[in-house]
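Worksheet: the structure to be examined is printed underneath.
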2 protein chains.
Amino acid sequence: MTSTNQILFHIRKNITPDPKEEQFFVSLLNPVKLKQGEFAEKAGEVTYNFIHVTAGCLMTYYTDKQGNDQVIQFATAGWWTGDLHSLTSQQPSIYTTRALADSEILQLPKVRMEELLERYPRFERYFRIMFQNSLVTHQNRIIEAFTATAEERYHNFQKKYPHMEQYVPLKYIASYLGITPEFLSKIRRKK
Amino acid sequence: MTSTNQILFHIRKNITPDPKEEQFFVSLLNPVKLKQGEFAEKAGEVTYNFIHVTAGCLMTYYTDKQGNDQVIQFATAGWWTGDLHSLTSQQPSIYTTRALADSEILQLPKVRMEELLERYPRFERYFRIMFQNSLVTHQNRIIEAFTATAEERYHNFQKKYPHMEQYVPLKYIASYLGITPEFLSKIRRKK
DNA sequence: GTAGTGGCTTGAACTAGATTAAGAAATTGA
DNA sequence: TCAATTTCTTAATCTAGTTCAAGCCACTAC
């Protein structure tokens, strides 16, 4: 399956655009291949693209004043990623997005997305549903962060993303879980 | 300002509906007054309404198996609240939403919202923008939960919601911050 | 080969924040 | 008005998770 077929498949699950709309949408996309370790976006730079992952795996992380990385999200095929705040406000991003494995992404430039929504408002619905679902996921993550122990969070992570552990170095999983790699090591030993 | 004027004011900041659309939107809304302590939604019941607060203050919390409450959100005038997951899936809600002070809300029933979006797709844009903004806020909260100390989180909360501390019992603020009331007490003494 | 580098583990000492228990202060209510 | 309930504080003890320091294992590069 080509990467454009893949994203159309994803879209058709939520809305039913006509062929003309689909064609226009696809024409706005910018396919990019990333090798492992390469950056899709860097903290400090303004984000111009909304990113859809079609193959591989990316992660988005925040680097605080002390230089510690906090992983916000992993994104595999079918996910949208990128810094929404920077994309909306056109202020420098606070996030870095980087390939954890050789990956393929589709860039949707902000200005192109605005054109799309202007011309074919049907796509508002698609993005509304995407954001709405994402919001539920984020709410769950906040609850989990506050109410579950590190060990519970790790096991929930394994259940939810069973294949991620092969892809992703443990230190990034630790960061995603909000713990140190040392402590994750201890949790894993127990089992 | 009436509560319907208030919500229209809020909507006009994001989209520009024509009078006919505004009128239809307003006709879908169901104004409700809540006394302090009353419930807008209860955990265990299916959520049928999306809620817009026009006066007062509500809070939404999650109760875990041990019976501990975790406050997810405070909502004052101008905010949307409610359990998106239950609203979308029509499964029983895991959240309770309750008035912290005498309040006024506008209920937008799920089925009515669907009618609205069907008939006037322009409103998709409004909700898309709402969810998009909310997502940014939630992302920030996740970062804060993992990278900031309880003390920093408390001071950030004070900065961000300067009036909330008068409204809201401290134990709920502690819960929102993910700490015990005892520890919040210690933090406050220091200052 | 072996020197380097990054990812993972181990253990000892430490700390942010929880738990428990009690008392003080503020609200409510008949 | 005074008892009852709820909210807030204080202090002692305890624990989940951090920090620091070291060692181990793969993998790469000269």
Side-chain angles (χ1 to χ4, degrees), chain A residues 35-39 57 59 61 63-71 74 96 98-102 142-158 164-191, chain B residues 35-39 57 59 61-71 74 96 98-102 141-158 164-191:
Chain A
K35 287 221 181 300
Q36 183 185 341
E38 285 184 339
F39 296 93
C57 182
M59 71 169 178
Y61 58 93
T63 307
D64 69 14
K65 308 103 216 163
Q66 290 101 53
N68 301 316
D69 292 347
Q70 172 61 49
V71 175
F74 298 111
T96 301
R98 201 172 172 186
L100 282 165
D102 293 356
I142 290 170
I143 294 177
E144 202 182 53
F146 284 134
T147 64
T149 63
E151 195 170 343
E152 290 165 340
R153 295 201 304 273
Y154 174 56
H155 292 136
N156 292 345
F157 176 81
Q158 287 184 309
M164 209 62 103
E165 220 163 333
Q166 300 146 19
Y167 258 127
V168 180
L170 285 176
K171 60 175 187 168
Y172 297 133
I173 295 179
S175 168
Y176 178 86
L177 296 172
I179 58 177
T180 57
E182 291 91 337
F183 193 61
L184 178 56
S185 226
K186 271 172 209 172
I187 292 172
R188 283 160 52 81
R189 182 177 21 160
K190 281 219 279 189
K191 230 184 68 172
Chain B
K35 290 222 180 300
Q36 183 184 341
E38 285 184 337
F39 296 92
C57 183
M59 72 169 177
Y61 58 94
Y62 164 78
T63 307
D64 68 15
K65 308 102 216 161
Q66 292 101 53
N68 300 315
D69 291 347
Q70 173 60 49
V71 175
F74 298 112
T96 301
R98 202 173 171 185
L100 282 166
D102 293 355
R141 187 135 179 251
I142 290 170
I143 293 176
E144 204 182 50
F146 284 134
T147 63
T149 64
E151 194 169 344
E152 289 164 341
R153 294 200 307 271
Y154 174 57
H155 292 137
N156 292 345
F157 176 82
Q158 287 183 309
M164 210 59 103
E165 220 162 334
Q166 300 146 18
Y167 259 126
V168 181
L170 287 175
K171 60 173 188 169
Y172 297 133
I173 295 178
S175 169
Y176 178 86
L177 296 172
I179 59 177
T180 58
E182 291 90 339
F183 193 62
L184 178 55
S185 227
K186 261 187 215 173
I187 292 173
R188 283 159 52 82
R189 184 175 22 162
K190 281 219 275 189
K191 231 184 65 178

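Letters go in sequence order (proteins before strands), and every chain restarts at 1.
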Distance in angstrom units between [X] [atom1] and [N] [atom2], rounded:
X: Asp69(A); N: dG7(C); atom1: CG; atom2: P; value: 12 Å
X: Ile187(A); N: dT10(C); atom1: CD1; atom2: P; value: 13 Å
X: Lys186(A); N: dC20(D); atom1: NZ; atom2: C1'; value: 11 Å
X: Glu182(A); N: dA16(D); atom1: CD; atom2: P; value: 18 Å
X: Glu151(A); N: dT15(D); atom1: CD; atom2: P; value: 16 Å
X: Asp64(A); N: dT18(D); atom1: CG; atom2: C1'; value: 15 Å
X: Lys171(A); N: dC8(C); atom1: NZ; atom2: C1'; value: 11 Å
X: Arg188(A); N: dG7(C); atom1: CZ; atom2: P; value: 15 Å

Checklist line | Phosphate OP1/OP2 of dA18(C) contacted by Thr180(B) side-chain N/O (<4.0 Å) | finding: yes
Next item on the list: Report yes if a side-chain nitrogen or oxygen of Arg189(B) is closer than 4.0 Å to either non-bridging phosphate oxygen (OP1 or OP2) of dA11(D); otherwise report no.
Entry: yes
Item checked: Shortest non-hydrogen contact between Thr147(A) and Glu152(A), atoms and distance -> O-OE1, 4.3 Å
Check: What's the shortest heavy-atom distance between Phe157(B) and Tyr176(B), and which atoms?
Finding: CD1-CE2, 3.7 Å
Note to self: Considering every strand and a 4.0 Å limit on heavy-atom distances, what is the contact class for Gly37(B): base, sugar-phosphate, or nothing?
What the structure shows: nothing
Item checked: Closest-nucleotide 5' rank along DNA chain C - winner of Pro181(A) and Ile179(B) -> Pro181(A)
Notebook entry, point to check: Got a donor-acceptor contact below 3.5 angstrom from the Arg153(A) side chain to the Glu144(A) backbone?
Noted result: no
Note to self: Measuring from atom OG1 of Thr149(A) to atom CD1 of Ile187(A), what distance do you get when rounded to the nearest 0.5 angstrom?
What the structure shows: 7.5 Å
Next item on the list: From the options dT10(C), dC8(D), dT18(D), select the nucleotide whose nearest atom is closest to the side chain of Ser185(B).
Entry: dC8(D)
